[in-house]
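I have placed the structure first, in the form of structure tokens, so that the comments after it can refer back to it.
Ligands are counted one by one from 1 in listed order, and the atoms in each one are counted from 1 as well. Excluded from the calculations below are hydrogen atoms, water molecules and symmetry mates; all remaining heavy atoms, backbone and side chain alike, are included.
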Amino acid sequence: MKYSSKHIGGKYLKLLYKGKAKNVYEIDEETVLIEFRDDITAMDGKKKSELKGKGELNAKISAKLFEVIEKRGIETHYIKFEEPNKIYAKKVEIVPVEVICRNIATGSLVRRYPFKDGTELKKPIVEFCLKSDEFHDPMINEDIAEALGIANGEELKKMKEITLKVNDVLKRFLIERGIILVDFKLEFGRFNNKLLVADEISPDTCRFWDAETREVMDKDRFRKDMGSVLEYYKEVARRVL
Ligand code: TMP
Ligand code: ASP
């Protein structure tokens with residue numbers, strides 16, 4: 001990883017990590033500043049674009065949703081929001097596992113298994129995937145995670161438990177705002193021997209459908225070239241903030 005720095009708020013900060021849609025800057029030993037960029041990608045980074053204002057919307061939506069789950073006792077990396085498109089967060093060691101939770105069958109679930117698109121699942125499905133564009137985020141189990149040395153069984157169990165709690169809290173919060181939480185992806189970070197919900201919770205990492213019309217309000221609009229991506233992100237922000 002090439003290091004560089006950035007002049008932010010009168011200080012030069014070291015760029016620790018540049019992801020597909022976020023930059024992570026070092027504040028101190030225990031703290032980072034995460035900048036949400038306007039870049040949007042799909043198909044493991046192969047499809048790319050830029051949407052002016054998306055970074056700001058995702059930073060705001062993420063900050064709010066982290067606050068909502070923190071209030072319900074779920075520990076996250078989130079510290080505070082910084083106008084217009086950043087959050088301060090604890091400097092965690094990211095576990096390279098994507099934890100996916102689904103309430104309605106769609107997306108890759110209906111491509112891989114004989115579920116009917118759009119049907120409500122009797123109980124949420126949780127999947128663990130390896131965070132790797134190169135290998136297309138393959139589904140993994142406890143044995144694979146342990147053999148790869150990325151997480152142990154106990155950690156996976158804990159991540160699943162926290163994910164289901166996040167699902168309960170967010171599902172309720174969103175439906176009151178006319179949004180169905182179809183599915184979402186969480187990442188976790190290790191910090192002082194604890195697992196914290198990390199990364200972001202936004203229309204880039206969740207599927208949100210309008211509760212009345214079932215209109216798509218998330219990154220599927222970009223993945224499937226449905227148009228008006230930013231307009232729907234704005235509508236999510238309007239309802240959530
Ligand atoms: P999927 O149906 O494509 O497996 O996606 C499930 C959920 O995970 C959906 O809300 C989008 C989210 N997701 C990410 O945030 N990052 C990814 O790399 C992938 C594949 C999905
Ligand atoms: N996050 C992945 C990418 O940026 C895939 C996706 O979200 O569809 O390529």
Query - Distance under 6.0 Å and angle within 45° of ring axis: Arg190 vs Phe188 - result: no

Requested in this report: Using modelled atom types only, decide if a donor and an acceptor are shared between the side chain of Asn103 and the backbone of Leu181 within a distance under 3.5 Å.
Outcome: yes

**Report entry** Short side-chain to backbone donor-acceptor contact, Ser228 and Glu231, under 3.5 Å
**Finding:** no

Could you tell me, for ligand 1, which of its N or O atoms are under 3.5 Å from any protein N or O, listing the pairs and their distances rounded to 0.1 Å?
{"residue": "ligand 1", "atom": "2 (O)", "partner": "Arg102", "partner atom": "NH1", "Å": "3.0"}
{"residue": "ligand 1", "atom": "2 (O)", "partner": "Ser108", "partner atom": "N", "Å": "2.8"}
{"residue": "ligand 1", "atom": "2 (O)", "partner": "Ser108", "partner atom": "OG", "Å": "3.4"}
{"residue": "ligand 1", "atom": "2 (O)", "partner": "Arg207", "partner atom": "NH1", "Å": "2.9"}
{"residue": "ligand 1", "atom": "2 (O)", "partner": "Arg207", "partner atom": "NH2", "Å": "3.4"}
{"residue": "ligand 1", "atom": "4 (O)", "partner": "Arg102", "partner atom": "NH2", "Å": "2.9"}
{"residue": "ligand 1", "atom": "4 (O)", "partner": "Ser108", "partner atom": "OG", "Å": "2.6"}
{"residue": "ligand 1", "atom": "10 (O)", "partner": "Asp183", "partner atom": "OD1", "Å": "2.6"}
{"residue": "ligand 1", "atom": "10 (O)", "partner": "Arg207", "partner atom": "N", "Å": "3.4"}
{"residue": "ligand 1", "atom": "18 (O)", "partner": "Asp137", "partner atom": "OD2", "Å": "3.1"}

Query raised in the report: What is the ring orientation for His77 with Phe66, classed by angle as parallel under 30°, tilted 30 to 60°, or perpendicular over 60°?
Result: perpendicular

**Report entry** Donor-acceptor pair between Thr205 and Glu200 side chains, under 3.5 angstrom
**Finding:** no

Query raised in the report: Is a side-chain donor or acceptor of Glu70 paired with a backbone partner of Thr76 at a separation under 3.5 angstrom?
Result: yes

Query raised in the report: Can any side-chain N or O of Asp38 pair as donor or acceptor with the backbone N or O of Gly55 at less than 3.5 Å?
Result: yes

Requested in this report: Give the protein residues with at least one non-hydrogen atom closer than 4.0 Å to an atom of ligand 2, ordered by chain and number.
Outcome: Lys20, Thr41, Ala42, Met43, Asp44, Gly45, Lys219, Arg223

Query - Carboxylate-amine/guanidinium contact Lys158 Glu155, below 4.0 Å - result: no

Query - Cation over ring face, Lys47 and Phe222, 6.0 Å, 45° - result: yes

